[in-house]
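Order of appearance sets the numbers: ligands from 1, and atoms from 1 within every ligand.
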Amino acid sequence: MTELERHSYDVVVIGAGGAGLRAAIEAREQGKRTAIICKSLFGKAHTVMAEGGCAAAMGNANSNDNWQVHFRDTMRGGKFLNNWRMAELHAQEAPDRVWELETYGALFDRTPDGRISQRNFGGHTYPRLAHVGDRTGLELIRTLQQKIVSLQQEDFEATGDYEANLKVYAECTVTELLKDGDAISGAFGYWRESGRFVLFEAPAVVLATGGVGKSFKVTSNSWEYTGDGHALAMRAGATLINMEFIQFHPTGMVWPPSVKGILVTESVRGDGGVLKNSEGKRFMFEYVPDVFRAQYAETEDEADRWYKDPDNNRRPPELLPRDEVARAINSEVKAGRGTPHGGVFLDVSSRLPAEEITRRLPSMHHQFKELADVDITAEPMEVGPTCHYVMGGVEVDPDTAQSRVPGLFAAGEVAGGMHGSNRLGGNSLSDLLVFGRRAGMGAATYVDSLKDRPKIDEADVDAAATDALAPFELEGGENPYTIHQELQQAMNDLVGIIRKEEEMEQALGRLSEFRSRIAKMTVEGHRQFNPGWHLALDLRNMLTVSECVAKAALQRQESRGGHTRDDYPAMSADWRKKLLVCALDADGSVNVTEDEQIPMREDLLELFEVDELKKYLTEEELPA
Ligand code: FAD
């Protein structure tokens, strides 16, 4: 029997970003003993890096805003492929979640009359992002952590133990989920520092592990984004949807090489920054697609007037959804109108006074000064697309966040459906809060419904331990770093922003080669803090996720949102009705099948003009 540390909880939440913390708060408030496990330090989740803000139709900056407008914008941004029920819940509940954060202690920027300030972002009709300068994610995490401490203080008063009902296990990586029959029974992992194994026995697990960006070479994502939750869910029998849709954020740093991919927040454009090519031309006017033409300005004058008078002018095309802007930048660079380092110019210096830039965009000012020796108050930035977000993720029930596996829930970036083929900026932070809370509630209700607690099968624990130690067992194999670099390059080059059938076939060939190489890779040294071993374990997950992305991308013969096919450049109303569902076969290979989208409810369809719906839906789907 494997030697390990054992814990028992009602709900185990894997991930301590916004989704995980909100889920854990809810589960604990519903009276469940809850553990939060994270492989990073507590407080260092991806959510901390979120800059621009959290989208919620509070109507503070423009009283015309409401959940219906937010719902419409979200569906348009996702090109109508979104799970409409998730988009509806999200738009309806986001304002309450932001106001609730204030009750936890969040200090948002204010309007002159003292309400929560809201800023413009791409694809949002009205200023909608509640924010704290360009450090919103930090405030969100700070506040959620503060709430956790306050709950722990309540528990101390009641039991004498701060951690009686809510405990954080940081720097602990989960490598496998365990089941009793069909249902979840726990999670198996290891302490990163000591390498020792740890078992969490629990009838409900909430995955809140974030995204997959580390499978791509140029990315805004940090080291934790290795698709662990996606792969854990699949190995446990759950399904993933929308995996072909990867968001390439239009503006990442392109220079110097060591920082290539680091995000340049969309707030720069929301606050007035414009994109120019090497000829000094504001090129986005050339790239407004038909579906958005009515809502975007045709001249620079009109676009500039919009910042002061949004009710009587149309939006600047720099604020189109991210997929459109990323493709436009890609085309300009390909046409030879790029900057010296292969990007385009993003200029805010000629648009706002220096003191306003440093007040509104302090992190960007600091980032460019420190990393590129560029003063953004005096000169333009060089920017280009970077892999930023995965729209695909665990297929969940919209109301409860439960996957197809009883007891397994998912929320935040690891869950799929909400954002369709393309996420609007700011809609992730609100997604974390809305669906984090729902996942915590779903998990608590599920635990209450159980007659018996599922049991851990010791043979599964032994198998998880054997799998985790496998990279130490072989000698003379390749090290994981080389394979990781090649995987990132292959995904970047062959399944990147513009996709072609032959390149994706080639990618699948490379991925199958990586699969055999990964089976034979070795790591040196001991289990005590061993980054090579950590990467070896993460690499299995990155490979599974990459296979999902490449196979689904090859299968979807259309271009939509974060999936652009050179060989199928148009959107197809027939493909919009289809979901590509990824599951694991018995031999561990990824199998992609088609499923039908559930048609949108009539009252939600009525929120759109029929002429607009015609651009996305088939004849039969249109309202009578
Ligand atoms: P995360 O916050 O990433 O948390 C994941 C957690 O899971 C971490 O604690 C990690 O340690 C843990 N974990 C992962 N795998 C394991 C494992 N195997 N075992 C244990 N723990 C594990 N969105 C917006 O809406 N507005 C913005 O302004 C915005 N700005 C952004 C700026 C940047 C630079 C980036 C990269 C993203 C931005 N986003 C923004 C997107 C948004 O930040 C993320 O989508 C969101 O924070 C994801 O939150 P999460 O809770 O799902 O996951």
Chemist: So, is Leu429 polar-close to ligand 1, with some N/O to N/O distance under 3.5 Å?
Modeler: yes
Chemist: Tell me, please: is His388 in heavy-atom contact with ligand 1, that is, under 4.0 Å?
Modeler: yes
Chemist: Looking only at non-hydrogen atoms, which of Leu433, Leu424, Leu263, Val390 approaches atom 33 (C) of ligand 1 most closely?
Modeler: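 Nearest heavy atom to atom 33 (C) of ligand 1 lies in Leu263.
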Chemist: Can you tell me if Cys54 has a non-hydrogen atom under 4.0 Å from ligand 1?
Modeler: no
Chemist: Should the ring pair Tyr9 and Tyr169 be called parallel, tilted or perpendicular, given that the plane angle runs from 0 to 90° and is split at 30 and 60?
Modeler: perpendicular
Chemist: Which of the numbered atoms in ligand 1 are under 4.0 angstrom from any heavy atom belonging to Ala16?
Modeler: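 In order of number, 6 (C), 8 (C), 9 (O).
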Chemist: For Ser40 and ligand 1, does the shortest N/O to N/O distance drop below 3.5 Å?
Modeler: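 Looking only at distances, the answer is yes, because the N/O contact criterion of under 3.5 Å is met.
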Chemist: So is there a nitrogen or oxygen of His46 less than 3.5 Å from a nitrogen or oxygen in ligand 1?
Modeler: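 Among all N and O atoms of His46, at least one is under 3.5 Å from an N or O of ligand 1.
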Chemist: Test salt bridge (charged side-chain N to carboxylate O under 4.0 Å, His left out) on Asp538 and Lys214; report intermediate values, then the result.
Modeler: CA-CA 10 Å; Asp538 294 347; Lys214 277 294 167 194; over 6 Å; no
Chemist: So is Tyr225 polar-close to ligand 1, meaning N/O to N/O under 3.5 Å?
Modeler: yes
Chemist: Hey, is Arg438 close enough to Glu26 for a salt bridge, meaning N to O under 4.0 Å?
Modeler: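 No, this pair does not count.
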Chemist: Only heavy atoms of Ala208, strictly under 4.0 Å: list the atoms of ligand 1 that pass.
Modeler: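 Close to Ala208: 4 (O), 5 (C), 6 (C), 7 (O).
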Chemist: Kindly confirm or rule out an N or O of Leu432 lying under 3.5 angstrom from an N or O of ligand 1.
Modeler: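 No.
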Chemist: Under 4.0 Å from a heavy atom of Tyr389: give me the atoms of ligand 1 that qualify, with their elements.
Modeler: 45 (O)
Chemist: For Thr173, counting its heavy atoms only, list the atoms of ligand 1 lying under 4.0 Å from any of them.
Modeler: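 The atoms of ligand 1 under 4.0 Å from a heavy atom of Thr173 are 18 (N), 19 (N).
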Chemist: Side chains of Gln92 and Trp67: does their closest heavy-atom pair fall under 4.5 Å?
Modeler: yes
Chemist: For ligand 1, which is the ligand I care about here, please tell me if Gly425 has any N or O atom under 3.5 Å from one of the ligand's N or O atoms.
Modeler: no
Chemist: Run the contact test for Gly229 against ligand 1 with a 4.0 Å cut-off on heavy atoms, strictly below, and give the result.
Modeler: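 The answer is no: ligand 1 sits nowhere under 4.0 Å from a heavy atom of Gly229.
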Chemist: Is it the side chain, the backbone, both or neither of Ala55 that has a heavy atom closer than 4.0 Å to ligand 1?
Modeler: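 Neither part.
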Chemist: Which of the numbered atoms in ligand 1 are under 4.0 angstrom from any heavy atom belonging to Cys38?
Modeler: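 Listed by number with element, the hits are 9 (O), 11 (O), 20 (C), 21 (N).
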Chemist: Which of the numbered atoms in ligand 1 are under 4.0 angstrom from any heavy atom belonging to Ser220?
Modeler: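 Selected atoms, number and element: 36 (C).
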Chemist: Could you tell me whether some N/O pair between Val414 and ligand 1 is separated by less than 3.5 angstrom?
Modeler: no
Chemist: From the options Gly52, Gly53, Ala50, select the one whose nearest heavy atom is closest to atom 26 (N) of ligand 1.
Modeler: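 Result: the heavy atom closest to atom 26 (N) of ligand 1 is in Gly53.
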Chemist: Do ligand 1 and Asp228 have nitrogen or oxygen atoms that lie under 3.5 Å from each other?
Modeler: yes
Chemist: Please determine whether a side-chain nitrogen of the Lys or Arg among Arg322 and Glu266 lies less than 4.0 Å from a carboxylate oxygen of the Asp or Glu.
Modeler: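 Between Glu266 and Arg322 there is a salt bridge, with a charged N closer than 4.0 Å to a carboxylate O.
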